[in-house]
Amino acid sequence: MESVLFTTILSQFPSSPLWGWHFLVPSDIAEKFVEGKNRRVICTINGEVTLHCALMPNKETWFIMLNKSIQKKLKTPLNSEIQVRIIRDESEYGMPMPDEFREVLDQDQEADKYFHMLTPGKQRTLIYIVSTVKNTESRIRKSLAIADHLTANKGRIEYRLLNEAFKEYNKM
């Protein structure tokens, strides 16, 4: 698996509160990792913080977004130079699947079927929801709530109802 190391600047989009911190990836580097719609990469910043992410197109260049938790882990100020190593993400979902969620889906064939009918982005959203929880018991409860929600809604995700399900499962 080919990796590329490059230097870039930690930036912020000034005109949009939606788009926060990011860094540019030179087009000649990004194009090595883009295959059709697949733009998933694993990125290591300053040799310290590793994240599964997507190359995002922006006019004539590409960028990678950084969420608040990554910003905190980096402890690097805005407009600083950073070293970035990227490799193609060849994982099944474009991010690590929590063991608890995998186990719940393995035991619930109907939920597993509905989960795999979702778009890759929706799959990653559900994986992210489970993976952000630190406690194993809570990851299991979130996984069970998602499985039940998918089954009850025949694969449709109603986030408001899903959040209510999380609250109910947390009472157990």
Side-chain angles (χ1 to χ4, degrees), residues 1 11-13 15-25 30 33-45 49-59 62-74 86-172:
M1 189 177 337
S11 303
Q12 186 172 28
F13 291 112
S15 60
S16 174
L18 175 65
W19 300 98
W21 287 29
H22 68 282
F23 58 86
L24 297 180
V25 178
F33 297 95
V34 176
E35 283 183 6
K37 290 184 176 185
N38 186 1
R39 305 173 300 185
R40 303 294 302 173
V41 294
I42 301 171
C43 184
T44 303
I45 304 167
V49 178
T50 300
L51 65 145
H52 290 253
C53 52
L55 290 160
M56 307 295 289
N58 184 27
K59 297 178 185 166
W62 296 82
F63 67 95
I64 291 177
M65 295 294 300
L66 302 175
N67 65 25
K68 288 260 189 229
S69 68
I70 298 297
Q71 293 170 30
K72 286 179 184 176
K73 287 179 189 173
L74 271 178
I86 60 174
I87 60 173
R88 185 180 321 280
D89 186 341
E90 295 178 354
S91 65
E92 183 175 1
Y93 302 107
M95 63 189 316
M97 169 67 90
D99 293 337
E100 298 85 354
F101 195 25
R102 175 78 272 148
E103 185 64 32
V104 166
L105 292 177
D106 285 348
Q107 292 181 25
D108 186 336
Q109 291 179 344
E110 192 173 8
D112 186 64
K113 176 186 80 170
Y114 287 129
F115 176 79
H116 286 96
M117 289 171 62
L118 296 171
T119 64
K122 287 182 180 176
Q123 290 175 353
R124 279 191 297 276
T125 297
L126 295 176
I127 291 169
Y128 179 79
I129 288 169
V130 175
S131 67
T132 56
V133 179
K134 293 182 180 99
N135 168 317
T136 299
E137 277 299 313
S138 294
R139 281 195 303 269
I140 292 168
R141 284 194 295 271
K142 279 217 191 278
S143 299
L144 290 168
I146 290 169
D148 286 350
H149 181 82
L150 289 172
T151 302
N153 293 288
K154 301 196 179 334
R156 269 190 353 271
I157 302 171
E158 301 286 339
Y159 289 101
R160 187 180 56 72
L161 294 176
L162 182 57
N163 282 327
E164 292 300 318
F166 290 151
K167 290 174 189 173
E168 288 302 313
Y169 273 79
N170 282 335
K171 293 177 185 174
M172 297 179 160

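Keep in mind the model is a prediction, meaning the values are calculated, not measured.
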Mind checking whether [X] and [Y] have side chains closer than 4.5 Å, heavy atoms only?
{"X": "Leu144", "Y": "Asp108", "result": "no"}
{"X": "Ile70", "Y": "Lys72", "result": "no"}
{"X": "Val104", "Y": "Ile146", "result": "no"}
{"X": "Leu162", "Y": "Ile157", "result": "yes"}
{"X": "Trp62", "Y": "Arg39", "result": "yes"}
{"X": "Leu118", "Y": "Leu150", "result": "yes"}
{"X": "Trp21", "Y": "Leu74", "result": "no"}
{"X": "Cys43", "Y": "Phe23", "result": "yes"}

Looking at [X] and [Y], does any basic side-chain N land under 4.0 Å from a carboxylate oxygen?
{"X": "Asp112", "Y": "Arg102", "result": "yes"}
{"X": "Lys171", "Y": "Glu168", "result": "yes"}
{"X": "Arg156", "Y": "Glu158", "result": "yes"}

For [X] and [Y], indicate whether the former's side chain and the latter's backbone hold a donor-acceptor pair under 3.5 Å.
{"X": "Arg40", "Y": "Gly94", "answer": "yes"}
{"X": "Gln71", "Y": "Leu66", "answer": "yes"}
{"X": "Arg88", "Y": "Phe33", "answer": "yes"}
{"X": "Asn153", "Y": "Gly155", "answer": "no"}

Which heavy-atom pair separates Ile127 from Pro98 by the least distance, and what is that distance? CG2-CD, 3.6 Å
Heavy-atom pair with the smallest gap, counting every atom of Arg124 and Tyr93: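 Minimum heavy-atom contact is CG-O, 3.0 Å.
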What distance separates [X] [atom1] from [Y] [atom2], expressed to the nearest 0.5 Å?
{"X": "Glu100", "Y": "Ile140", "atom1": "CD", "atom2": "CD1", "answer": "5.5 Å"}
{"X": "Ser91", "Y": "His52", "atom1": "OG", "atom2": "NE2", "answer": "5.5 Å"}
{"X": "Met65", "Y": "Leu55", "atom1": "CE", "atom2": "CG", "answer": "13.0 Å"}
{"X": "Glu110", "Y": "Thr151", "atom1": "CD", "atom2": "OG1", "answer": "4.5 Å"}
{"X": "Ile86", "Y": "Cys53", "atom1": "CD1", "atom2": "SG", "answer": "8.0 Å"}
{"X": "Phe63", "Y": "Leu24", "atom1": "CZ", "atom2": "CG", "answer": "8.5 Å"}

Derivation of the side-chain contact (heavy atoms from CB on, under 4.5 Å) call for Met97 and Leu105: CA-CA 11 Å; Met97 169 67 90; Leu105 292 177; 4.1 Å; yes
Test salt bridge (Lys or Arg N to Asp or Glu O under 4.0 Å) on Lys167 and Glu164 and set out the steps. CA-CA 5 Å; Lys167 290 174 189 173; Glu164 292 300 318; 3.6 Å; yes
So is Lys142 actually on top of Phe166's ring, under 6.0 Å and inside 45° of the axis?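 Yes, Lys142 sits over the ring of Phe166.
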Could you tell me if the ring centre of Phe115 sits under 6.0 Å from that of His149? no
Under the side-chain contact (heavy atoms from CB on, under 4.5 Å) criterion, do Arg141 and Asn170 qualify, and how do the steps go? CA-CA 7 Å; Arg141 284 194 295 271; Asn170 282 335; 3.5 Å; yes
Identify the residue among Asn67, Ile45, Ile42 that makes a side chain to side chain contact (heavy atoms under 4.5 Å, CB included) with Leu51.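 When Asn67, Ile45, Ile42 are each tested with Leu51, the side chain to side chain contact (heavy atoms under 4.5 Å, CB included) holds only for Ile45.
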